[in-house]
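Below is one structure, written out as structure tokens, with a few remarks after it.
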Amino acid sequence: MSNLPLIYDLTLDEITQMLQTWGEPSYRALQIWQGLYIQLWNTPDQFSNLPSSLRNHLSESFRFSGLTPGTILQSRDGETVKTLLTLVDGKAIEAVLMRYDERNTLCISSQAGCAMGCVFCATGQMGFKRHLSSGEIVEQVLFYARTLKQQGKRVTNVVLMGMGEPFHNYEASIAAIDRLNHPLGYNLGERRFTISTVGLVPLIKRFASEKRQINLAISLHAATDEERSNLLPVNKRYPIADLIQACKDYVELTGRRVTFEWALINGVNDTSESARKLVALLMGLLCHVNIIPLNPTRKFAGQATTRQRAEVFKNILEKAGIPCTIRIRRGIDIQAGCGQLATDANQTKPML
Ligand code: SAH
Ligand code: SF4
């Protein structure tokens, strides 16, 4: 296995600097960048616009692929595709493509495994393996972008809601978005990206101060500290009051709304009382609530709520003026819960 650096880890500036040290003309940098992010080439041979000496130099210096696709699962309607991707060190991650109307939304991973230990989450249950590099995050998008390109389509939205906590791997996650957002490359607008965080307050503050156009989603799931700490251990470190304050500051600073995610667990957080507590917590905050029926996992006894209870929950929020959507997990028939496919793959691989 080659341990060359991954070409997608480089910014355009870094490629430009590198070519300078190689004694190549600087316009070659843009040719390489556009080959990678517009043509979506993934082998040095495809760069037919470059002299063969430079192609050779590139292929001796970089990997053009750090992800090997494995098991591919498709939902029955064929609109959701989930791919198990193996990293160069054998660790496994998942990336999902969801086609809906004109949208092609990708759900990508920021880490192999996760250190946050949320009890209902398959990724949390497997523990932390390692951070992904920015290039490994970028390459998940390029992987599906290539397939879509063959059909004359593009990735329209990207959510960092696959495996891992993107704010625990803040720099790489943001750098990956910057690379895909670059106007001379894939040029996917910042507003097309959503970062979902378990609620790492210092990083929410940092993100707010950077005033980006990227959408922010917070995994809330409970409205009291006792209940939330039982589900999301990180709540003991960053309790709800601090989290909501950070969200208020974010809205004030950026003028952008926050999305809250709430996985409805039967008999745990799907009651009318839970809904009323949530209303009290979010009152006056520019936000949207995404209700997701729990996707049951192996190591958590909780079950999904019923459709009827989800509707009651939604009505309570809406009557209080809090916008809210029930997000049906599309492709539930393909082990769509994040981390479920990679759990098996990571268990059968020796830890490095
Ligand atoms: N680590 C980030 C992003 C990845 S998880 C975060 O926690 O926000 C993406 C979303 O899926 C989160 O809202 C998470 O709480 C939710 N999730 C995880 N496991 C789930 C499950 N079994 N059923 C429903 N939602 C789940
Ligand atoms: Fe990590 Fe998010 Fe899963 Fe929690 S829900 S364990 S933060 S991936």
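Here, residue 1 is the first one in the sequence, and each next residue gets the next number. Whatever order the structure lists ligands and atoms in, that order sets their numbers, starting from 1. Quick caveat: nothing in here was measured; it's all calculated off a predicted structure.
Evaluated by nearest non-hydrogen atom to atom 3 (Fe) of ligand 2, the leading choice among Gly164, Cys121, Gly117 is Cys121. The closest non-hydrogen atom to atom 14 (C) of ligand 1, taken over Met161, Glu165, His221, comes from His221.
Of all the heavy atoms of Cys114, the ones lying under 4.0 Å from any atom of ligand 2 belong exclusively to the side chain. Only the backbone of Thr197 comes within 4.0 Å of ligand 1, counting heavy atoms alone; no side-chain atom from C-beta on gets that close.
Put simply, no part of Pro296 is less than 4.0 Å from ligand 1, judged by heavy atoms.
The aromatic ring centroids of Phe313 and Trp262 lie less than 6.0 Å from each other.
In summary, the side chains of Asn215 and Arg256 do present a donor paired with an acceptor at a separation below 3.5 Å, with no hydrogens or angles considered.
You'll find the side chain of Leu12 reaches within 4.5 Å of the side chain of Trp33, heavy atoms only. A 4.5 Å side-chain heavy-atom check between Phe120 and His221 finds at least one atom pair inside the cut-off.
Taking every non-hydrogen atom of Glu261 and a distance limit under 4.0 Å, the qualifying atoms of ligand 1 come out as 10 (C), 13 (O). Near Cys121, meaning under 4.0 Å from one of its heavy atoms, ligand 1 places the atoms 18 (C), 19 (N). Near Gly124, meaning under 4.0 Å from any of its heavy atoms, are these atoms of ligand 2: 6 (S). The atoms of ligand 1 that sit less than 4.0 Å from any heavy atom of Asn295 are 21 (C), 22 (N), 23 (N), 24 (C). Listed by atom number, the atoms of ligand 1 under 4.0 Å from Ser219 heavy atoms are 6 (C), 7 (O), 8 (O), 12 (C), 13 (O), 14 (C), 15 (O). Taking every heavy atom of Val198 and a limit of under 4.0 angstrom, the matching atoms of ligand 2 come to 7 (S).
On a distance-only criterion, Gly164 and ligand 1 share at least one N/O pair closer than 3.5 Å.
With sequence neighbours excluded, the residues forming a side-chain hydrogen bond (donor to acceptor under 3.5 Å, both in side chains) with Glu210 are Tyr170, Arg206, Arg212, listed by chain and number. Partners of Ile38 under the side chain to side chain contact (heavy atoms under 4.5 Å, CB included) rule, at least two apart in sequence or in another chain, are Gln34.
Judged by distance alone, the side chain of Gln20 and the main-chain N or O of Ser26 form no donor-acceptor pair under 3.5 Å.
Hydrophobic clustering (side-chain heavy atoms under 4.5 Å, transitive across Ile, Leu, Val, Met, Phe, Trp, Tyr) groups Met283 together with Ile218.
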